[in-house]
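For reference, the structure discussed in these notes is given below.
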Amino acid sequence: MAPVGLTESAVELAPGVHWVGAFDPHLRSFDIILKTANGTSYNAYVVRGEKGVAVIDTVKEGFADTFFQRLESVARYDEITTIVLNHLEPDHSGALPELLRRAPQARVYLSVRAQMMLKALLKPTGEKAPDYTPVTTDDTVDLGGRTLRFLHTPYLHWPDTQCTYLVEEAMLFSGDVFGCHFCDPRLFNDCVGDFRFSFEYYYAHIMRPFRENVLDAVALIEPLDLKLIAPAHGPVLRHAPRDYVHRYRELATPRLFNEARSEKTLVIFYLSAYGNTRRMAECIAQGAERIRGVRVSLYDLEGGESDIFTDLVEEADGLAFGSPTINADAVKPIWDLLSSLTTVNVKGKLGAAFGSYGWSGEAVRLIEDRLRGLKLRVPVEGLRIKLVPDEAELAQCCTLGESLARHLTGQLEHRELDMASLA
Ligand code: FEO
């Protein structure tokens with residue numbers, strides 16, 4: 001197999017099925033936060049049937065010329081009956097407005113959630129939305145001897161995302177799913193350099209927060225006959241494509257093992273300048289341990305590494321964060337850990353904050369605000385203690401731990417009603 005090269009020729013995946021994407025070898029970061037050490041590719045595809053031609057996704061706007069040259073080498077614009085949009089992020093929809101101008105007769109197929117995005121995307125061009133059909137799992141388009149079947153795979157990684165399966169060729173056009181930022185003009189996974197790191201890195205930063213949706217998508221994909229996976233970035237997976245599906249299942253499956261499913265886990269992270277916040281953390285842990293069915297772990301963040309806790313955070317049911325207040329703020333390792341939570345799904349977990357302080361004590365409220373911003377539940381007011389906790393205050397810490405544990409286990413706290421207060 002000769003290298004594809006950086007020339008503007010389409011690449012045949014099967015008779016009448018071509019890659020018409022673009023390489024971006026010099027990109028060094030994507031969406032600001034992702035490192036792309038060897039660039040990326042924007043993969044788009046053309047499928048020819050007896051009754052029409054489909055274009056599946058486009059490319060980033062700045063690469064439109066290359067895309068159109070490759071497209072023109074395998075199809076005329078007046079042959080295009082179908083445009084499939086698996087995902088409307090601009091790296092895949094950048095050339096769409098121009099494609100619609102060149103092939104105005106084409107009908108667009110996209111997910112239900114993508115409709116509003118399509119209108120927003122075309123707004124700056126001043127053009128009306130094209131004829132389009134919202135589709136979901138098992139909807140099909142007949143191209144004449146070739147059938148496109150859609151799979152509803154939302155949140156991989158946007159609400160609009162879907163996959164498209166070419167039934168007769170057993171090819172899956174998967175959008176960002178199974179993709180990676182890896183630019184290699186040899187294109188196919190059995191020809192390019194070692195891209196395993198890029199594949200795992202991409203999953204960890206793009207797909208990991210949506211692992212329940214990943215498992216739903218994998219369940220749709222696993223029963224398919226699969227000869228090739230054609231993602232929207234990185235190598236086309238023609239060698240052992242099913243291995244990549246298996247890997248997604250592994251990556252999306254809970255990583256910690258030997259956990260009792262009936263147990264709830266509470267993880268307490270803290271930092272302590274003089275031992276006061278540590279004493280609070282220990283007493284919160286003692287209090288929580290009094291409640292059956294809760295497994296409590298205590299971690300000192302001194303040393304500052306947060307990445308090592310990602311798996312732990314992802315699996316935990318409850319997270320408590322203890323920080324002293326220094327210069328009217330929580331301390332940096334706490335913020336580092338909290339900022340790393342954007343790569344995992346923490347929505348709905350129980351959250352809490354506590355800490356000792358000297359003068360103003362803002363850390364606890366700031367942490368609580370951040371937890372709420374990440375959509376954790378914060379049902380119990382955080383605990384601030386001035387300087388050294390005394391016995392009564394340590395008892396308050398135990399009570400806080402008990403209360404968190406009860407919220408985790410669903411045991412409502414028993415409250416004594418003072419009948420006189422109701423009068
Ligand atoms: Fe490759 Fe989510 O765009």
Side-chain angles (χ1 to χ4, degrees), residues 19-45 55-64 66-67 70 83-97 99 108-118 120-122 150-164 172-184 187 189 192 195 197-211 213-214 216-218 221 229-237 244 248 251-252 342-345:
W19 173 90
V20 292
F23 295 113
D24 187 358
H26 302 302
L27 187 78
R28 288 296 171 264
S29 69
F30 186 92
D31 278 356
I32 305 166
I33 54 169
L34 282 182
K35 299 299 168 208
T36 49
N38 51 4
T40 193
S41 61
Y42 312 107
N43 297 336
Y45 301 94
V55 176
I56 301 176
D57 292 324
T58 74
V59 299
K60 195 173 178 179
E61 188 176 15
F63 295 80
T66 307
F67 162 72
R70 287 192 165 113
I83 297 172
V84 174
L85 303 176
N86 280 334
H87 176 31
L88 269 77
E89 194 166 2
D91 53 325
H92 307 297
S93 60
L96 177 66
L99 178 61
V108 170
Y109 294 85
L110 73 182
S111 72
V112 172
R113 298 291 292 275
Q115 295 174 81
M116 295 308 292
M117 282 299 294
L118 177 65
L121 189 78
L122 296 176
F150 301 103
L151 285 78
H152 182 53
T153 55
Y155 293 99
L156 301 182
H157 60 118
W158 272 16
D160 67 321
T161 47
Q162 64 174 9
C163 297
T164 303
L172 182 71
F173 301 95
S174 58
D176 282 343
V177 186
F178 309 122
C180 63
H181 291 307
F182 189 83
C183 181
D184 191 322
L187 193 62
N189 65 327
V192 300
F195 65 101
F197 168 79
S198 300
F199 185 86
E200 303 275 321
Y201 179 84
Y202 189 89
Y203 178 90
H205 289 81
I206 299 285
M207 300 297 168
R208 184 170 182 171
F210 308 102
R211 71 179 187 180
N213 302 96
V214 170
D216 289 345
V218 165
I221 293 166
I229 296 175
H233 296 288
V236 171
L237 309 171
Y244 298 87
Y248 259 47
L251 289 168
T342 54
T343 63
V344 294
N345 183 8

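Read the numbers this way: they start at 1 and go in the same order the structure lists the ligands and their atoms.
Side-chain contact, His157 with Asp176: a donor N or O sits under 3.5 Å from an acceptor N or O.
Within a radius of less than 2.8 Å around atom 1 (Fe) of ligand 1, the protein N, O or S atoms are Asp91 OD2, His92 NE2, Asp176 OD1, His233 NE2.
Taking the six-membered ring for Trp and thresholds of 30 and 60 degrees, Phe30 and His233 have ring planes more than 60 degrees apart, a perpendicular arrangement.
By the ring pair (Phe, Tyr, Trp, His ring centres under 6.0 Å) test, His205 is found to be paired with Tyr201, residues two or more places apart in sequence or in another chain being considered. Among residues two or more places apart in sequence or in another chain, the ring pair (Phe, Tyr, Trp, His ring centres under 6.0 Å) test is passed with Phe210 by none. Shown here are the ring pair (Phe, Tyr, Trp, His ring centres under 6.0 Å) partners of Tyr244, two or more places apart in sequence or in another chain: Phe199.
Considering Phe178, Tyr109, Tyr45 in turn, Tyr45 is the only one that fulfils the ring pair (Phe, Tyr, Trp, His ring centres under 6.0 Å) rule with Phe173.
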